[in-house]
Amino acid sequence: LLPIHHSYTMTAVFLEAVSVGAEIVFGKKMVSKQILADLKRGRVTMFLGVPMLFNRLLAGLNNGLREKGNLVYTLIHLLMALSGIVKRLLRVNPGKRMFGFLLEKLSLEHIRICISGGGPLPASTFRQYNQLGIDFVQGYGLTETSPIVTLNPTERYKVTSVGRLVPRVEARIVDPDEQGRGEIALKGPMVMQGYYNNPSATGEVFDPDGFFLTGDVGYLDRDDYLYLTGRKKSMIVTAGGKNVYPEEIEDRFQLYNEIEQILVRGYIADERQKAEAIEALIFPRAEHYSPHEPEAWQGFDSEEVRASLQRIIDEVNGGLLPYQRINRFHVLGTPMEVSSTKKIKRFTVD
């Protein structure tokens with residue numbers, strides 16, 4: 001579903017598949033029915049995509065279970081949790097047998113492995129696919145790193161991590177805070193030599209030791225697993241001097257079917273102290289509020305929508321630290337501009 005010029009698609013999908021003689025099915029568009037049809041018709045065994053794609057399929061499954069009633073929904077999720085524990089502890093995968101009827105509804109019955117890249121993936125999405133019996137791999141990297149520098153191994157994955165450093169990658173955390181979080185810097189043969197014909201831009205992203213400064217903030221554990229926090233330039237500094245990374249908050253909304261897009265950012269709540277509070281810009285999903293005529297729906301800022309979104313924000317805020325909570329939100333009538341990987345172009349939003 002990504003353009004072939006994107007480094008993730010070109011490397012991990014196109015070149016890799018051609019190198020082993022595999023058939024490739026390219027999805028036509030980000031519409032669930034179309035994706036399900038492509039998966040089934042192609043009898044796809046390796047499914048590579050961006051987080052939005054995996055979130056939408058999972059949200060559709062969970063909504064279908066909720067329609068069956070709270071008892072069915074709770075029972076299935078309890079069994080999924082049990083399946084996940086067995087898979088982690090015993091290295092046995094009972095999920096495919098237990099949930100084959102659900103996987104068939106998602107056209108995932110032939111899938112051997114799913115690979116997500118191109119953006120942050122919620123830990124809950126990663127966990128639930130594994131619980132359903134599908135090996136799910138999350139990676140991290142940038143175009144400048146060719147692109148992959150970490151992968152979460154299927155046999156020893158960590159749910160909240162973007163994976164372990166792949167061989168020959170050196171990583172360091174620059175100027176870590178008291179929690180060990182700082183800018184991620186990388187070095188190795190997969191890192192670019194520089195931006196073409198642009199020595200000044202190249203000089204800005206390499207430190208004196210030759211490490212590439214990614215602009216991403218995160219931390220490493222003792223096993224060389226990497227954890228992402230957010231982007232350095234999007235960080236919010238609250239009135240209490242706390243650092244808040246919008247991406248951490250946005251991740252918690254990805255499985256709510258009511259929301260098509262959400263952008264969390266700071267706003268000046270106190271002009272005198274220049275202190276920031278937190279707000280959210282939300283573009284609702286028309287298909288949720290008007291499933292029969294989504295194209296004609298215009299009730300973006302209705303009382304029904306605002307009440308629905310407020311309930312979701314209250315729910316998410318309940319799981320956040322006080323200084324991370326969203327103070328206000330705005331409902332948008334048009335979608336925000338996105339990149340080819342479906343990430344919102346944060347700094348183009350007014």
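Just so it is clear, the values below take in all heavy atoms, side chains as well, and ignore hydrogens, waters and symmetry mates. These figures come from a predicted structure and were not determined experimentally.
Within 6.0 Å of CZ on Arg97 lie no more than 12 heavy atoms contributed by other residues, nucleotides or ligands. Sparse packing is recorded around OH of Tyr196, with 12 or fewer heavy atoms of other residues, nucleotides or ligands lying under 6.0 Å away. More than 12 heavy atoms of other residues, nucleotides or ligands sit less than 6.0 Å from atom CG of Asn198.
Using a 4.5 Å cut-off on side-chain heavy atoms (C-beta onward), Leu226 and Val149 make no contact. Looking at heavy atoms from C-beta onward, Phe253 lies in side-chain contact with Ile326 at the 4.5 angstrom threshold. Using a 4.5 Å heavy-atom cutoff, the side chains of Asn55 and Pro122 are in contact. Annotation: side chain of Glu276 is not in contact with side chain of Val244 (no heavy-atom distance under 4.5 Å). When side chains are defined from C-beta on, Leu320 does not count as touching Glu248, because their heavy atoms never get closer than 4.5 Å. Taking 4.5 Å as the limit, every side-chain heavy atom of Phe283 sits out of range of all side-chain heavy atoms of Leu263. Two residues are said to be in side-chain contact when any heavy atoms from C-beta on lie closer than 4.5 Å; Leu61 and Gln128 fail this criterion. Here the side chains of Ile282 and Leu332 are not in contact, with every heavy-atom distance at 4.5 Å or above.
Rounding to the nearest 0.5 Å places CZ of Phe329 at 11.5 Å from CG of Leu281. In this structure, Met98 CE and Ile76 CD1 are separated by 8.0 Å, a value rounded to the nearest 0.5 Å. With rounding to the nearest 0.5 angstrom, the OH atom of Tyr227 is 12.5 Å from the CD1 atom of Ile184. Summarising the geometry, atom CG belonging to Leu36 is positioned 5.5 Å from atom CG belonging to Leu57; distances are rounded to the nearest 0.5 Å. Atom CD1 of Ile344 sits about 11.0 Å away from atom CZ of Arg265, to the nearest 0.5 Å. Residue Ile85 holds its CD1 atom at 10.0 Å from CG of Leu90, rounded to the nearest 0.5 Å.
Not one N or O on the side chain of Ser116 forms a donor-acceptor pair closer than 3.5 Å with the backbone of Gln138. Counting only distance, with no hydrogens or angles, the side chain of Thr143 and the backbone of Ser7 share no donor-acceptor pair below 3.5 Å. In this structure a side-chain-to-backbone donor-acceptor pair under 3.5 Å is missing from Glu279 to Arg328. Panel note: side chain Asn93, backbone Gly133; a donor-acceptor pair is recorded below 3.5 Å.
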Thr214/Thr145 under side chain to side chain contact (heavy atoms under 4.5 Å, CB included): CA gap, chis, key distance, verdict: CA-CA 9 Å; Thr214 64; Thr145 61; 5.7 Å; no
Determine whether Met235 and Val217 satisfy the following criterion, side chain to side chain contact (heavy atoms under 4.5 Å, CB included), listing intermediate values before the conclusion. CA-CA 9 Å; Met235 184 179 73; Val217 175; over 6 Å; no
Going through the distances and angles, do Lys87 and Asp135 end up as a side chain to side chain contact (heavy atoms under 4.5 Å, CB included)? CA-CA 10 Å; Lys87 188 177 182 186; Asp135 285 336; 2.9 Å; yes
Report the C-alpha separation of Ile148 and Thr11 in whole Å, then their side-chain angles, then the decisive distance to 0.1 Å, and conclude whether the side chain to side chain contact (heavy atoms under 4.5 Å, CB included) test is met. CA-CA 9 Å; Ile148 296 168; Thr11 308; over 6 Å; no
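Residues passing the ring-ring contact (aromatic ring centres under 6.0 Å, His included) test with Phe47, sequence neighbours excluded: Phe54. In this view, Glu247 and Arg346 satisfy the salt bridge (charged side-chain N to carboxylate O under 4.0 Å, His left out) rule, not counting sequence neighbours. Residues passing the salt bridge (charged side-chain N to carboxylate O under 4.0 Å, His left out) test with Asp314, sequence neighbours excluded: none. Residues that satisfy the side-chain hydrogen bond (donor to acceptor under 3.5 Å, both in side chains) test with Arg172, not counting sequence neighbours, are Asp207, Asp209.
Taking every heavy atom of both residues into account, Asn152 and Ser161 meet most closely at ND2-O, 2.9 Å. Residues Leu151 and Pro153 approach most closely at O-CD, 3.2 Å, considering heavy atoms. Nearest heavy atoms, Ala123 versus Val159: O-CG1, 3.5 Å. Closest heavy-atom contact between Ile236 and Gly266: CD1-N, 3.4 Å. Summarising the geometry of Leu103 relative to Leu132, their closest heavy-atom pair is CD1-O, 3.6 Å, with the distance given to 0.1 Å. The two residues Arg156 and Tyr225 have their closest heavy-atom pair at O-OH, 2.6 Å.
Asn130 and Arg127 share no side-chain donor-acceptor pair at under 3.5 Å.
Salt bridge Asp216/Arg231: present, at least one basic N to carboxylate O contact under 4.0 Å. Ion pairing between Lys33 and Glu287 fails under the 4.0 Å rule for side-chain N and carboxylate O. Arg56 has a carboxylate O that lies under 4.0 Å from a charged side-chain N of Glu260, or vice versa, which qualifies the two as a salt bridge. Under 4.0 Å is where a charged nitrogen must lie from a carboxylate oxygen, and between Arg164 and Asp221 no such pair does. Between Lys158 and Asp223, at least one side-chain N (NZ, or NE/NH1/NH2) sits under 4.0 Å from a carboxylate O, which counts as a salt bridge.
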Please tabulate, one pair per line, all N/O donor-acceptor pairs under 3.5 Å involving side-chain atoms of residues 302-309, not counting sequence neighbours.
residue : atom : partner : partner atom : Å
Ser302  : OG   : Gly299  : O            : 3.1
Ser302  : OG   : Val305  : N            : 3.3
Arg306  : NH1  : Asp301  : OD1          : 3.2
Ser308  : OG   : Tyr289  : OH           : 2.9

Listed pairs under 3.5 Å, donor-acceptor, residues 39-46 side chains, sequence neighbours left out:
residue : atom : partner : partner atom : Å
Lys40   : NZ   : Glu109  : OE2          : 3.2
Arg41   : NH2  : Asp38   : OD1          : 3.0
Arg43   : NH1  : His110  : NE2          : 3.4

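A single hydrophobic cluster is seen to contain both Ile313 and Leu321, as judged by linkage of ILVMFWY side chains at heavy-atom distances under 4.5 Å, directly or through other members. Residues Ile278 and Ile259 fall within the same hydrophobic cluster, defined by Ile, Leu, Val, Met, Phe, Trp and Tyr side chains chained together at heavy-atom separations under 4.5 Å. With hydrophobic clusters built from ILVMFWY side chains whose heavy atoms lie under 4.5 angstrom apart, Leu255 does not share a cluster with Ile262. Transitive grouping of hydrophobic side chains (ILVMFWY, heavy atoms separated by less than 4.5 Å) brings Ile113 and Ile134 into a common cluster. The hydrophobic clustering, which links ILVMFWY residues whose side-chain heavy atoms are closer than 4.5 Å, places Phe206 and Leu213 apart.
For the ring-ring contact (aromatic ring centres under 6.0 Å, His included) criterion with Tyr129, the lone passing option out of Phe99, Phe136, Tyr157 is Phe136. Test Arg66, Lys68, Glu67 against Tyr73 for side-chain contact (heavy atoms from CB on, under 4.5 Å) and you get one pass: Arg66.
Under the 6.0 Å distance and 45° angle rule, Arg181 does not count as a cation-pi partner of Tyr245.
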